[in-house]
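Accompanying notes for the structure given below.
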Amino acid sequence: DKPILAYIDLLLKKVDSTDDTGLEGAVFKVNYYKELTSDPSGLTPAKSWELRTGVKGEIAISDEYKVSGDDFYKDEDGKPVGLIGTYEFVEVKAPFGYAKTNESIVKQVRRDELSGTLEIYSAPKVSNIPQTISIMLQKIEKEGVNETDLKPNFEGAVYEIRNSKDEVVGTIITDSSGFGRIDNLAPDQYRLIEKEAPSGYLINSEDEKVEEYLKVFTFYLEYDTLFL
């Protein structure tokens, strides 16, 4: 039998969970199955592609969005098209600054049994939660600095957190063990500037930098000058 073509303009749209804005740069593994099913587990896809969302968060059956994978099905004019069957979407790369969605999405393209025409395909909308990062620091005493029997107390070190625009976005204040933490920062490059040192120590004059866009970044910072 001749396959039934499905001219689908939009396969999926990727949006921000807070304001529904389309998100560019998400990459989805799209598996096509000839079978009509709500659970393709155990089935072998007839074709698979990796597609990247465009500027409005959209992906479609088009070379414009294709990163890799099999050839598309095409009509007599050579235009890429879909077929009746099941499409499975798995996000393999999130847009920059967002957390990846772990759940797969399954959509079917069907033909109405009575009329024989294709049912209207409703493109799923997949939302991403903006990713945040945490910065933790641990103040420690450089070996050999403290020649007394006193247990070091690092409470009260104050660090100013500045982003890549040199804006102050928060403050870390250490506890008695020298530990401090700040959460819910947007992915960016940050500088940690010590503004106050604990009693008995001198301020560290060198800025510490978060150069990578990590979910959690931990610093171990030494005090090499002690005064009593």
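Quick note: numbers below take in every heavy atom, side chains included, and nothing from hydrogens, waters or symmetry partners.
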Suppose we screen for salt bridge (charged side-chain N to carboxylate O under 4.0 Å, His left out). Which residues come up paired with Glu91, at least two apart in sequence or across chains? Lys14
Hydrophobic cluster membership, [X] vs [Y], 4.5 Å side-chain cutoff:
X: Val126; Y: Val15; value: no
X: Leu51; Y: Val81; value: yes
X: Trp49; Y: Leu12; value: yes
X: Ile105; Y: Ile8; value: yes
X: Val90; Y: Tyr33; value: no

Gap separating the [atom1] atom of [X] from the [atom2] atom of [Y], nearest 0.5 angstrom:
X: Glu88; Y: Ser38; atom1: CD; atom2: OG; answer: 11.5 Å
X: Glu167; Y: Asp188; atom1: CD; atom2: CG; answer: 9.0 Å
X: Ile84; Y: Lys34; atom1: CD1; atom2: NZ; answer: 13.0 Å
X: Lys29; Y: Ser68; atom1: NZ; atom2: OG; answer: 8.0 Å
X: Leu11; Y: Ile61; atom1: CG; atom2: CD1; answer: 4.5 Å
X: Gln138; Y: Phe154; atom1: CD; atom2: CZ; answer: 8.5 Å

Is it true that Asp166 and Arg162 make a salt bridge, defined as a side-chain N closer than 4.0 Å to a carboxylate O? yes
For the residue pair [X] and [Y], what are the closest heavy atoms and their distance?
X: Ala94; Y: Ala99; result: CB-C, 3.9 Å
X: Ala46; Y: Tyr73; result: CB-OH, 3.8 Å
X: Arg181; Y: Ile172; result: N-CG2, 3.7 Å
X: Pro45; Y: Ser48; result: CG-OG, 3.6 Å
X: Gly57; Y: Thr53; result: O-CG2, 3.5 Å
X: Phe96; Y: Pro187; result: CZ-CB, 4.3 Å

How would you list all residue pairs meeting salt bridge (charged side-chain N to carboxylate O under 4.0 Å, His left out) that involve residues 48-62, not counting sequence neighbours? none
Is it true that Asp39 and Thr37 share a donor-acceptor pair across their side chains at a distance under 3.5 Å? no
Heavy-atom count around Lys125 NZ within 6.0 Å, excluding the residue itself: above 12? no
Is any side-chain heavy atom of [X] closer than 4.5 Å to a side-chain heavy atom of [Y]?
X: Thr171; Y: Ile161; answer: no
X: Ile193; Y: Tyr159; answer: no
X: Tyr98; Y: Asp16; answer: yes
X: Val106; Y: Pro40; answer: yes

Once you measure the plane-to-plane angle for Tyr87 and Tyr32, does it fall in the parallel (<30°), tilted (30-60°) or perpendicular (>60°) bin? tilted
Donor-acceptor check, side chain of Thr86 to backbone of Glu35, threshold 3.5 angstrom: yes or no? yes
Just by distance, do the side chain of Asp77 and the backbone of Lys79 share a donor-acceptor pair under 3.5 Å? no
Centre of Phe72's six-membered ring, under 6.0 Å away, within 45 degrees of the axis: is that where NZ or CZ of Lys66 sits? yes
Do Lys100 and Asn102 pass the side-chain contact (heavy atoms from CB on, under 4.5 Å) test, and can you show the C-alpha distance, the side-chain angles, and the key distance before you say yes or no? CA-CA 6 Å; Lys100 183 166 66 71; Asn102 295 320; 3.5 Å; yes
In Leu83, Asp70, Val30, the residue satisfying side chain to side chain contact (heavy atoms under 4.5 Å, CB included) with Lys47 is Asp70
Option passing side chain to side chain contact (heavy atoms under 4.5 Å, CB included) with Ile182 (candidates Leu137, Ile135, Ile133): Ile135
